[in-house]
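Structure first, commentary second.
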Amino acid sequence: MSRPFDVVEIEEKWQARWLDEGTYDVDNDDPRERYYALTMYPYPSGTAHQGHVRNYTFGDLVVRYQTMLGKAVLSPYGFDSFGLPAENAAIKAGSHPRPYTEARMHELKTSVRRLGAVYDWRREVYSHDPEYIKWSQTIFLAFLKAGLAYRADARVNWCPGCLTVLANEQVLADGTCERSGDLVVRRQLEQWFFRITAYAEELLTGVDDLEWPERVKTMQKNWIGRSEGVEFDLPLAEDRAVALRVFTTRPDTGYGVTYAVVAPEHPLLETLTTDAQRASVDEIVTRATATSEIERTTSSAEGIGLEKRGAFTGGYVVNPFTNESVPVYVADYVLGNYGTGAIMAVPGEDERDFDFASVHGLPVVHTVQPPEGFEDGAYSGDGAHINSGFLDGLDVAAAKVAATTYLVEHARGNPKVNYRLRDWLVSRQRFWGCPIPVVYCETHGIVPVPEEDLPVLAPDDVVMNASGQSPLATHEGFFNTVCPIDGEPARRETDTMDTFTDSGWYYLRFADPFTPTMAFDPAQASKWMPVNQYIGGIEHAILHLLYARFYLKALNDVGMGAGLPREPFQRLFSQGMIRLDGSKMSKSKGNLIAPEAYYPTVGADGLRLFHLFAGPPADDMDWTDQTDEVIEGCARFIDRFYRLWHHYDVNIHGGLDDADAHVRQETHRTIARVTNDLNRWSYNTAVAALMELLNTLSRAARSETGIAAETLEESLDVMAKLLAPMAPHITAELWEERHPDLPSVHLTAWPVADPAMLVETEVTMVVQVNGKVKARLLVAPSISEDEATAAALADLDVIDALKGATPARVVARPPRMVNIVL
RNA sequence: GCCCGGAUGGCGGAAUUGGCAGACGCGGAGGCCUCAAAAGCCUUUACUCGAGAGGGUGUGUGGGUUCGAGUCCCACUCCGGGCACCA
């Protein structure tokens, strides 16, 4: 398309100006009101694609808008530069991940600047910077000292594709790796964990106070998964000194316990199993422990029958309510690492137990009266208790209380809260990550690397290959070291940290990258924290956001965050993703639409405007055959604005007439609309409002009667300001042309609507007859109910529509509407 | 299975509190300008009956509340997302 100006020249000029003049640099002691706007720490994947463009368009709009509102806006940028793609690329190329990563960083940075997004580049950080590594390790050691980091032997998720262990959070529901898609297997390994479960309750309750999208809050809550219940003992029938401890949320159903189940990993399984049952028990244990998690967890759906998923152990335990012995089964549907790894089974009220009982021919006793018409099965709803001794007649809530008291007194029970959340496994058997700064000494065990020896850096002279082992594990120069305590030979830890540890605290480094002796000075960082507006993709709804919340709480508690809030992100906005042919646009899918082709034609401004205009920012967007035409429409809008700015084809008249009054009123109404829309993340309607104003202004200016110069200029200046955060280049250029002596439009105060201009002198009142619109009248906004009724009944169209009938009722809602009911 | 969203013209979408459905844009149709085209500009564009004036219908389906429902309530269909043996 041909443009009335040189779009590339103008955009490059302003991008250079913002960069050279440090227009968006802010100091920590800036006297203005502070505002921290942050887009999520990006992985440097190379040239930006439309998903980035959308993200940074929203983020940049916030930065520029808040700046025009008079605030000191902290807008930092950096790179989540450790991670697997770089390592895998390096393996493929037989090179080191660093040059690959840095080339991709350079590309992404260039892309972001070409979009016109502005940052305080003095604050740039990246995870593989030795300085950043040093502080990441300092934090790790602080967690270690405080007992928040620990090493444990655990059955962990191993991804054969990524050749590393994964956190629970990185394993998808179908048992595959979220990154490579490989089927995750279980391995018994000694690994590092962060004690995130210590914060389960705070992470859960804290969610309520955050201004986040409801669905993200719900996802976090579900992930943490709090459940309240009771833990108590089921004594073994053979030997009452030994007991099977179980956890339940339904102690009230105790009289319905007809069997118990232990997980295949349960320590008492061996004791419970009789010789006669050993073979079938072993079969269950073997299948459950040797197969992958996916087979175990989805086998019910996959058709592996329940009869093959559990077996009788031969052992019995005593139900403390009935004093009767019930059989103990082993089954893979009971998890070893949740609760006590054993359950009381209540087939009458629990669906899983019912299904299992049906297959294994176990008795079903209902302890809650199901409603009338209830079909066969487990009933988990409320109702009066039956078959339940002293609990009979009580509803579920009351029976829970009574049953709990009973268990506390008779079965060594105690109320207990369990969480689904597990501790965060942070070890990764990978090279391109932050090394875990400890050494293993024969005498002293785990010894932290002394502060003065940080950072522990990975050596450069490594050969990246697909052996399945991190080069660190075979690099003698790296892992051979001495114990910091006794100087004896020791072995250095060769695992690195999960890259989510890097993004756990980067927002703090951004707030204060200037204090050389600390990761961040909490007194400085607290000037900006918490982040006022965090912007990112919905894909981080659980992992990153949960980990970052944990980090800030933990940093507070280990003494590194004095004075800082405990929640990092006050407001979160999750933008929708861009789909092409039905699937998410991403580099890994290879279905990218590069923005580069648009810069010489519609420009960054046109592309930005499109992303704002295309639809609600939170919604997913489909990139279709029609999209290019919409993008051109956005550029066309800019061109029309440009021509009107230069008074192309305009009639100027002297004095002010009614048309001027109308334009001025529309101008001020648009200020109010756009401001409101920007505040409520309704960018598509904000753009639409500006398009409407341009239509109004353009029509008035080109009419026979024309427009007053001052009306036109006022309206154009307002439009330039309102448009500035959306299309920053052209507005800066035009503003400078007309106002060479004034500061840049971006440093100009955001316009405020004159309330007097918003007052309407006439409004359209609709007259309905039986709810159907029959007439529209222009009335004063102050019209009374009686006047409105009278005016409506006097209207000729209305009289015609009434056909002489007498109204049964007249509902008047002045000045909007009168409804005449016959 | 459970929990969230969502469904509005040919298309993307708008309607902030129950009060003019379809703003704005894309696409389409017709026109002006031009030797012609591009660009630009103007008119028109929910469906339907009607020559016209004008009428009827219409926000996934069915019911309800209300003078009045895209908006509130009940039931359902379809689509998208999250969780999915957590006792």
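So you know, we letter chains A, B, ... as the sequences are listed, proteins then strands, and number each from 1. Below, all heavy atoms of this structure are taken into account, side chains as well, without hydrogens, waters or symmetry copies.
- A:M219 comes within 4.0 angstrom of the backbone, heavy atoms only, and of no base.
- The partner of B:rC35 is absent, by the rule that a Watson-Crick or G-U pair needs both atom distances under 3.5 Å.
- Residue A:R816 places no side-chain atom within donor-acceptor reach of the base of B:rG19, judged by atom type and a 3.5 Å distance cut-off alone.
- Using P as the reference atom, B:rU43 and B:rU57 are 31 Å apart when rounded to the nearest Å.
- Note on A:R636: only backbone sugar-phosphate atoms sit closer than 4.0 angstrom, heavy atoms only; bases stay farther off.
- At a threshold of 4.0 angstrom between heavy atoms, the contacts of A:N676 include nucleobase atoms, whether or not backbone atoms are also involved.
- For B:rA87, the OP1/OP2 oxygens have no side-chain nitrogen or oxygen of A:Y333 closer than 4.0 Å.
- In the interface, the side chain of A:N222 is not paired with the base of B:rC83 through any donor and acceptor atom under 3.5 Å apart.
- Contact of A:Q626 with B:rC26 (side chain to base): a donor-acceptor pair of N or O atoms is detected under 3.5 Å.
- Residue-level contact check: A:Q768 touches the bases, meaning some heavy atom is under 4.0 Å from a base atom.
- Taking atom C1' in both B:rC24 and B:rA15, the straight-line distance is 12 Å, to the nearest Å.
- Nucleotide B:rG80 forms a Watson-Crick or G-U wobble pair with B:rC4, both donor-acceptor distances falling under 3.5 Å.
- Environment of CD in A:E351: sparse, with no more than 12 heavy atoms of neighbouring residues, nucleotides or ligands closer than 6.0 Å.
- Proximity of A:N679 to the phosphate of B:rU16: no side-chain N or O atom is located under 4.0 Å from OP1 or OP2.
- Across A:V818 and A:A792, no two heavy atoms sit closer than the pair CG1-CB, 3.8 Å.
- The closest donor-acceptor contact from the side chain of A:D619 to the backbone of A:G576 lies at 3.5 Å or more, if one exists at all.
- No close placement of the A:W223 and A:Y547 rings is indicated, their centers lying 6.0 Å or farther apart.
- At the phosphate of B:rA39, neither OP1 nor OP2 sits under 4.0 Å from any side-chain N or O atom of A:R643.
- Among the heavy atoms of the strands, none lies under 4.0 Å from A:G225.
- A:R3 is linked by a salt bridge (Lys or Arg N to Asp or Glu O under 4.0 Å) to A:D639, counting only residues two or more places apart in sequence or in another chain.
- Of the residues near RNA chain B, A:M621 and A:D639, the one whose nearest nucleotide (by heavy atom distance) lies more toward the 5' end is A:M621.
- Between A:R640 and A:R813, the one whose closest nucleotide on RNA chain B sits nearer the 5' end is A:R813.
- Nucleotides B:rG80 and B:rU8 are separated by 14 Å at their P atoms, to the nearest Å.
- Contact annotation: the side chain of A:V364 approaches that of A:F354 to within less than 4.5 Å [non-hydrogen atoms, C-beta and beyond].
- Taking 4.0 Å as the cut-off between side-chain N and carboxylate O, A:D252 and A:K400 do not count as a salt-bridged pair.
- For A:K772 and B:rU57, the shortest distance from a side-chain N or O to OP1 or OP2 is below 4.0 Å.
- Counting to the nearest Å, the C1' atom of B:rG12 and the OH atom of A:Y683 are 19 Å from each other.
- Atom C1' of B:rG18 sits at a distance of 15 Å from the matching atom of B:rG64, rounded to the whole Å.
- Comparing B:rG82 with B:rU16, their C1' atoms are spaced 28 Å from each other, to the whole Å.
- The C1' atoms of B:rG19 and B:rG70 are separated by 13 Å, rounded to the nearest whole Å.
- Within the 4.0 angstrom heavy-atom criterion, no nucleotide atom of any strand lies near A:P4.
- For B:rC47 and B:rG12, the P atoms lie 16 Å apart once the distance is rounded to whole Å.
- Residue A:V821 is classed as a sugar-phosphate contact, given heavy-atom separations below 4.0 Å to backbone atoms only.
- Phosphate contact (OP1/OP2 of B:rA87, side-chain N/O of A:S227, threshold under 4.0 Å): present.
- For B:rA15, there is no paired base (Watson-Crick or G-U wobble, both distances below 3.5 Å).
- One C1' atom belongs to B:rC32, the other to B:rU48, and the distance between them is 32 Å to the nearest Å.
- Side-chain atoms of A:R776 come within donor-acceptor range of the base of B:rC20, with a qualifying N/O pair under 3.5 Å.
- Within the shown strands, B:rC26 is the pairing partner of B:rG10 under the Watson-Crick or G-U definition, both distances less than 3.5 Å.
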